[in-house]
Amino acid sequence: MILKVIAATASGWPQAVAREEARVALAARGVRPRRMNRFAEIALAGALETCPPGQQTAAGSGVYLATRHGDARDTRHTVGDIQRERVLPMPVAFINLSGNMAGYHIAAALGVRGPNVSVSDERNPFLAALELAALDLESGAVPCALVGHVEERDDVAVSHWIMLASADAGGVLLTRQPRQIDASADDIAARIAGFFADPRGELLFGSAHAAWRLHAG
Amino acid sequence: MARPLVSVAVRAAEAVSAAGTEPDEILRFLRIPPPAPLVTLPEAGIEIPMRLAAAPDWNDAARLPRMAANVLARALEAAGLDRAQRERAALLVASSSMNVGAYEASERTAGTLALADQRNALAESLAEKFGLGGLRFSLNAACASGAAALLYGHRLIRDGAVEHAVIVGAEGLNQLTPAGFAALRLLAPANCTPFASGRQGMVLGEGAAVVVLGRGDDARWLLEGGAMNCDPHSPTASTPEAMSGVMEAAFERVQLDRRELVAVKVHGSGSDDSDRAEARALADTFSSSLPPLAGFKPMLGHTLGASAVLELVALMQSADAGWLPPAIGGGNADPALPMGDDLPAPVPADGRYLLNTFGFGGNNAALIMKRRKPR
């Protein structure tokens with residue numbers, strides 16, 4: 001399987017200012033977040049970086065949001081409010097914790113209607129999301145796949161995204177490797193973005209189950 | 001050169017829910033469900049009907065993992081996977097609350113669990129306990145989580161990536177979920193009566209279900225495929241067009257003539273907007289001739305991320321026992337809905353079934369199952 005990397009960006013902000021910085025990034029794109037939680041704003045700000053203004057994303061594209069911990073901060077606050085204050089949650093706060101709402105807001109901003117899933121894995125969620133995106137691309141279920149890794153760590157919030165399509169000639173390519181290769185790497189999405197900006201050599205990454213080679217075609 | 005596509009069979013299907021665990025017990029419950037018991041939320045303080053798999057214990061952090069493990073143990077035994085097959089099997093866990101109940105319980109008692117660790121905790125514990133060493137995903141697409149897991153499991157097998165995919169749908173007791181739906185005023189005060197006049201909302205449910213998929217076309221039930229889409233119209237409601245669109249996409253992917261369908265397993269949540277949109281979507285998709293409609297939420301409750309897997313298991317078990325529950329709650333469709341006056345009752349038969357799931361975040365999914373003649 002060979003996929004083409006159309007775009008790859010890496011966004012990250014110190015936790016203390018992550019939401020504010022994400023909003024600045026969104027404002028620069030003319031997006032004023034309404035009724036979104038912190039996690040969704042961070043996810044959306046990063047996702048939009050892969051889609052330059054004026055460039056249309058194919059309507060059937062899928063969104064695959066990888067996260068190890070998800071919107072744990074927002075959830076913890078809402079659960080804490082219920083348990084401490086002994087009240088029902090604010091409706092909007094609950095809606096934002098339902099399912100894959102960050103993915104929904106990305107789909108709404110880009111006008112895409114393909115599959116939209118949040119994918120978690122304890123070891124390497126981005127690889128897991130990439131696997132599902134690859135399945136959809138290979139089967140023709142989607143023309144493009146927006147695959148991202150959004151994580152709120154103790155010190156920094158990251159929102160790294162790549163846009164993939166089935167390969168045609170040239171460009172930065174992602175080629176499936178035999179499973180014997182096990183060259184896992186942390187922050188794979190960020191490293192892909194780095195390679196995309198300066199595509200020299202190759203980048204190998206993967207797990208015991210799936211491995212990939214990133215290279216210039 | 002294209003790889004030959006393989007068929008995907010259901011090798012085992014087990015579940016626990018308000019209806020119990022044994023097929024006979026489940027069928028009795030589905031035929032004559034008791035009223036949904038009232039449950040009091042511990043801190044939010046409200047009392048709501050819920051379909052729980054066991055008596056509520058708000059301090060039991062191990063409730064969902066234990067429930068899921070028990071079901072998975074039965075399913076793996078029924079599927080007959082040996083140790084090597086388990087080590088290679090993919091595990092896909094579908095849930096929308098992702099074991100937040102464990103965190104809530106911990107906060108009430110010892111305060112030792114970090115919420116961030118709960119997102120993958122179920123998948124990790126199940127994989128370790130049962131030696132499932134292959135690809136592993138926890139999926140969240142709101143109410144369509146289970147359908148997503150089934151579809152990706154299907155595709156992994158169909159493309160030859162894995163031999164078996166273990167699909168777990170799990171939604172456990174927690175306070176956040178019912179408190180949130182209560183805040184949205186989407187819960188019924190008593191029973192869930194989808195598509196009926198005077199329907200008053202959803203009744204939430206709890207459950208865990210496991211479907212083991214494997215290569216082959218020799219099983220009673222095959223998962224033929226399906227489709228998913230996302231409708232960016234509203235965070236809480238998809239349009240009839242998007243719902244109809246996902247059904248059409250499923251028919252196209254599987255090359256199915258919709259007139260072949262034996263029945264449609266509806267989403268049928270009982271909430272006014274959702275039922276209204278779904279009724280419109282069904283009318284648009286099937287023109288003047290709706291196929292028989294079956295539904296499970298009045299009996300099992302709405303089990304959210306687990307619902308697609310749980311209701312698939314319920315569908316297969318019911319159909320194999322010779323009966324399917326009609327989708328219309330209370331027996332008569334709301335005349336304001338475009339469902340017609342004379343809907344045929346669903347009757348199990350060999351052939352194809354459509355299973356729909358429509359959820360928050362615009363997540364919609366349609367699965368196509370095939371029931372074969374036993375050999």
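Chain A is the first sequence line, chain B the second, and so forth, proteins listed ahead of strands; every chain is numbered from 1.
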Among B:G362, B:G134, B:G45, the residue with the most heavy-atom pairs under 4.5 Å to chain A is B:G134
Cut-off 4.5 Å, heavy atoms of chain A, and the answer for B:R253 is side chain
Under 4.5 Å to a heavy atom of chain A? For B:A182 that would be both
Okay, A:E152 and chain B: the region with an atom under 4.5 Å from a heavy atom over there is neither
Next on the checklist: Could you check whether atom CZ of A:R32 has more than 12 heavy atoms from other residues, nucleotides or ligands sitting under 6.0 Å from it?
Outcome noted: no
Okay, A:V87 and chain B: the region with an atom under 4.5 Å from a heavy atom over there is backbone
Comparing B:G305, B:A365, B:A121, B:P235 against chain A, the one with the most heavy-atom pairs below 4.5 Å turns out to be B:P235
The reported gap from CG in A:L132 to CG in B:L151 (rounded to nearest 0.5 angstrom) is 11.0 Å
Rounded to the nearest 0.5 Å, the CG atom of A:L135 sits from the CG atom of B:D159 at a distance of 6.0 Å
Okay, A:D136 and chain B: the region with an atom under 4.5 Å from a heavy atom over there is both
For this session: Report yes if the side chains of B:Y152 and A:E131 come closer than 4.5 Å at any heavy-atom pair, otherwise no.
Result: no
Correct closest heavy-atom pair for A:A108 and B:P232 would be CA-CB, 3.5 Å
Here the pair of heavy atoms bringing A:Y104 nearest to B:H233 is OH-C, 3.6 Å
Cut-off 4.5 Å, heavy atoms of chain A, and the answer for B:L92 is neither
If you tally heavy-atom pairs under 4.5 Å between each of A:T67, A:T78, A:L110 and chain B, the highest tally belongs to A:T67
When the 4.5 angstrom heavy-atom criterion is applied to B:S145 and chain A, the contacting part is neither
Rounded to the nearest 0.5 Å, the OG atom of A:S120 sits from the CG atom of B:L139 at a distance of 8.0 Å
Side chains of B:R119 and A:S118, donor plus acceptor under 3.5 Å
yes
In terms of heavy-atom pairs under 4.5 Å with chain A, the winner among B:A141, B:C143, B:A148, B:C230 is B:C230
Turns out that what part of B:V100 lies under 4.5 Å from chain A's heavy atoms comes down to side chain
Practice item. Let me see the working for B:N140 and A:V117 under side-chain contact (heavy atoms from CB on, under 4.5 Å), right down to the final yes or no. Key: CA-CA 6 Å; B:N140 192 336; A:V117 291; over 6 Å; no
Counting heavy-atom pairs under 4.5 Å with chain B, the top scorer among A:P125, A:A107, A:G70 is A:G70
Distance col, row B:L304:CG vs A:S98:OG, nearest 0.5 angstrom, shows 8.5 Å
Bottom line for A:V112: the part with an atom under 4.5 Å from chain B's heavy atoms is backbone
Exercise. For A:N116, does its backbone N or O pair with a side-chain atom of B:N363 as donor and acceptor, under 3.5 Å?
Worked result: yes
On a heavy-atom basis, the closest approach of B:A183 and A:P89 is CB-O, 3.3 Å
Whatever's closer than 4.5 Å to a heavy atom in chain B on A:T75 counts as both
If one checks every heavy atom of B:N229 against chain A at 4.5 Å, the contacting part turns out to be both
Quiz item: Going by an N to O cut-off under 4.0 Å, is there a salt bridge joining A:R113 and B:E241?
Solution: no
Would you check if the distance from the ring center of B:F181 to the ring center of A:F94 is below 6.0 Å? yes
When the 4.5 angstrom heavy-atom criterion is applied to B:E124 and chain A, the contacting part is side chain
request  = Inspect the surroundings of CZ in A:R35 and state if more than 12 heavy atoms from other residues, nucleotides or ligands are less than 6.0 Å away.
outcome  = no
Check your understanding: With a 4.5 Å limit on heavy-atom distance, are the side chains of A:R123 and B:R136 in contact?
Key -> yes
When rounded to the nearest 0.5 Å, the distance separating CG of A:D71 from CE of B:M98 is 10.5 Å
Cut-off 4.5 Å, heavy atoms of chain A, and the answer for B:P42 is backbone
On a heavy-atom basis, the closest approach of A:A141 and B:R155 is CB-NH1, 4.1 Å
Value for CH2 (B:W58) from CD (A:Q83), rounded to nearest 0.5 Å, stands at 10.5 Å
